[in-house]
Amino acid sequence: MQILSAASAFPKYYYSQDVLCSALEEYWGDKLENPALMRRLQRHTGVEGRYLSLPLHAYTKPAKWGETNNLWIQTATELGKQAVCRALNQAGISPRDLGAIFFASVTGISSPSIDALLINRMGLSPNIRRIPMFGLGCVAGAAGISRAADYVKAYPSQLAVLLAVELCSLTWQREDLSVANLVSAGLFGDGAAAVIVAGADCDLPAADVVSGGLEAAGPKILATRSVFYPETEEMMGWAISEKGFRIILSREVPNLVRQRLGGDVDAFLSEAGYLRRDIRSWVLHAGGPKVLGETQASLGLEDGQLDASWDCLRKTGNLSSASVLLVLEEVMKSRRPEPGTLGLLAAMGPGFCSELVLLRW
């Protein structure tokens, strides 16, 4: 099983964190009792700028949830098509070659789901297997790769695509002035990412067809692990009402990361016959400065080993399910390890849970 390509797509609107902070302060207006607190929270996100689905002025206009969700469907379809097309082009394969499409998002809903809309718009095979996934949030990028790996392990001659689209700005809640929402509004951005996963018996294109040759493809997937933490369901997620999605984000999340991630990684690696020190490449979800800091502490990593995650957070913010896929794209493009290097791709999210993927470059 091998990752062939990873590609991203973003809306055309990009704003610096300073501009966004000023806009949010105006957005909440007199309802914001402590503007200084919001500005302090925004400064501590580690984000320099983010992409938004709409121009800033559009967010000041009151909209019903159904109207906002229609915008989500339109934008998710557009960005999803762009990301999948780019991933297909990088891998040198056609849309009809795909045997399965996994779609992950937690920022909107659609039936038919976005994967079905893309079949019509991209000319995908009418026999393609569709697996839409909702509710996994930030863990869905890693979980989606794991489930795609499960699929091509069962069907080793096939190709699968994972598409994650998150339009977090469309979930902003004007009436919610909780610290969790102030942090969320300063941390999360919009974007999409797609990853192509190939089975072991795939008839891959010749090396001279693929851009850069097959050696430019991504790592092999050696093993995966899902870990669920009982009685933690209140830590992260949505409170869904007629007004849309209201963020639930516990301050205990970084503590859980510190307490559990290192031990879970060690147990996973031990079963595969490896130790933590054998891992030389880390592709980790860019959850935020506190989560990344506790991740580094839990895994005993040195400064610099999570630079790809920190850089993605700085440039685009947290894109929920798409974030770890952006980090993967960054590593494949600009930070590719030496052949044979062992790597770990991982994310955590609502449940609360974690997903681990062992890679060999």
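- For the 3.5 Å distance criterion, the side chains of Tyr59 and Ser169 qualify, holding a donor opposite an acceptor.
- Glu67 and Asn70 share no side-chain donor-acceptor pair at under 3.5 Å.
- Taking all atoms of both residues into account, the shortest heavy-atom contact from Ala198 to Val152 is O-CG2, 3.9 Å.
- For the residue pair Arg260 / Ser354, no side-chain donor-acceptor distance below 3.5 Å is found, with atom types taken as modelled.
- At a cut-off of 3.5 Å, with distance as the only test, a side-chain donor of Asp97 or Ser94 sits close to an acceptor on the other residue.
- Taking the six-membered ring where the residue is Trp, Tyr229 and Phe352 present parallel rings, their angle staying beneath 30° rather than reaching 60°.
- The distance from the CG atom of Leu118 to the CD1 atom of Ile128 is 9.5 Å, given to the nearest 0.5 Å.
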Open item on the list: Please evaluate residues Leu358 and Ile221 with respect to the criterion side-chain contact (heavy atoms from CB on, under 4.5 Å), reporting the C-alpha separation (whole Å), side-chain torsions for both, the decisive distance (0.1 Å), and the verdict.
Closed with: CA-CA 6 Å; Leu358 181 61; Ile221 300 172; over 6 Å; no
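- Side-chain contact check for Met235 versus Glu252: some heavy-atom pair is nearer than 4.5 Å.
- Heavy atoms of other residues, nucleotides or ligands lying less than 6.0 angstrom from CD of Glu25 number more than 12.
- By the 4.0 Å N-to-carboxylate-O rule, Glu355 lies close enough to Arg147 to be salt-bridged with it.
- Between the side chains of Asp18 and Ser16, not a single donor N or O lies within less than 3.5 Å of an accepting N or O.
- Judged by distance alone, the side chains of Asp201 and Ser157 never bring a donor and an acceptor atom under 3.5 Å apart.
- One distance of note links CD of Glu166 with OG1 of Thr171; it measures 9.5 Å at 0.5 Å rounding.
- Atom CZ of Arg335 has more than 12 heavy atoms from other residues, nucleotides or ligands within 6.0 Å.
- Taking the side chain as every heavy atom from C-beta outward, Ser184 and Arg246 never approach each other to under 4.5 Å.
- Note on Asp115 versus Arg129: no salt bridge recorded, every NZ/NE/NH1/NH2 to OD/OE distance being 4.0 Å or above.
- The CG atom of Leu54 sits 9.5 Å away from atom CH2 of Trp172, with the distance rounded to the nearest 0.5 Å.
- Side-chain atoms of Val331 and Trp361, non-hydrogen and from C-beta on, do get closer than 4.5 Å to each other.
- The NZ atom of Lys81 lies 12.5 Å from the CG atom of Leu79; values are rounded to the nearest 0.5 Å.
- No chain of hydrophobic side-chain contacts below 4.5 Å, direct or via other Ile, Leu, Val, Met, Phe, Trp or Tyr residues, connects Leu167 to Phe10.
- Gln90 and Ala7 get closest at one heavy-atom pair: NE2-CB, 3.6 Å.
- The minimum heavy-atom distance between Cys138 and Ser320, with the atom names listed, is N-OG, 3.5 Å.
- For Gln158 (side chain) and Ala100 (main-chain N/O), no donor-acceptor pair under 3.5 Å exists by modelled atom type.
- Remark: the backbone N or O of Leu299 is paired with a side-chain donor or acceptor of Arg276 at under 3.5 angstrom.
- We find the CG-OG1 distance between Leu345 and Thr224 to be 11.0 Å, quoted to the nearest 0.5 Å.
- In the hydrophobic clustering of ILVMFWY residues, with side-chain heavy atoms under 4.5 Å counting as a link, Leu356 and Leu256 come out together.
- In summary, Asp150 and Lys153 do not engage in a salt bridge, as defined by a charged side-chain N under 4.0 Å from a carboxylate O.
- For the pair Leu88 and Met122, the minimum side-chain heavy-atom distance is below 4.5 Å.
- Nearest heavy-atom pair across Arg50 and Ala185 is NH1-O, 2.7 Å.
- Relative orientation of the Phe102 and Tyr151 rings is perpendicular, given thresholds of 30° and 60° on the angle between their planes.
- A salt bridge is defined here as a Lys NZ or Arg NE, NH1 or NH2 lying under 4.0 Å from an Asp or Glu carboxylate O, and Lys333 with Glu329 meets this definition.
- Residue Thr45 holds its OG1 atom at 10.5 Å from CG of Asn318, rounded to the nearest 0.5 Å.
- Tyr51 and Phe188 fall into different hydrophobic clusters, where Ile, Leu, Val, Met, Phe, Trp and Tyr are joined by side-chain heavy atoms under 4.5 Å apart, directly or via other members.
- The existence of a salt bridge linking Glu242 and Lys64 is excluded, since no basic side-chain nitrogen approaches an acidic carboxylate oxygen closer than 4.0 Å.
- Side chain of Asn69 to main chain of Trp72: no donor-acceptor pair is present (N/O by atom type, distance under 3.5 Å, no hydrogens or angles).
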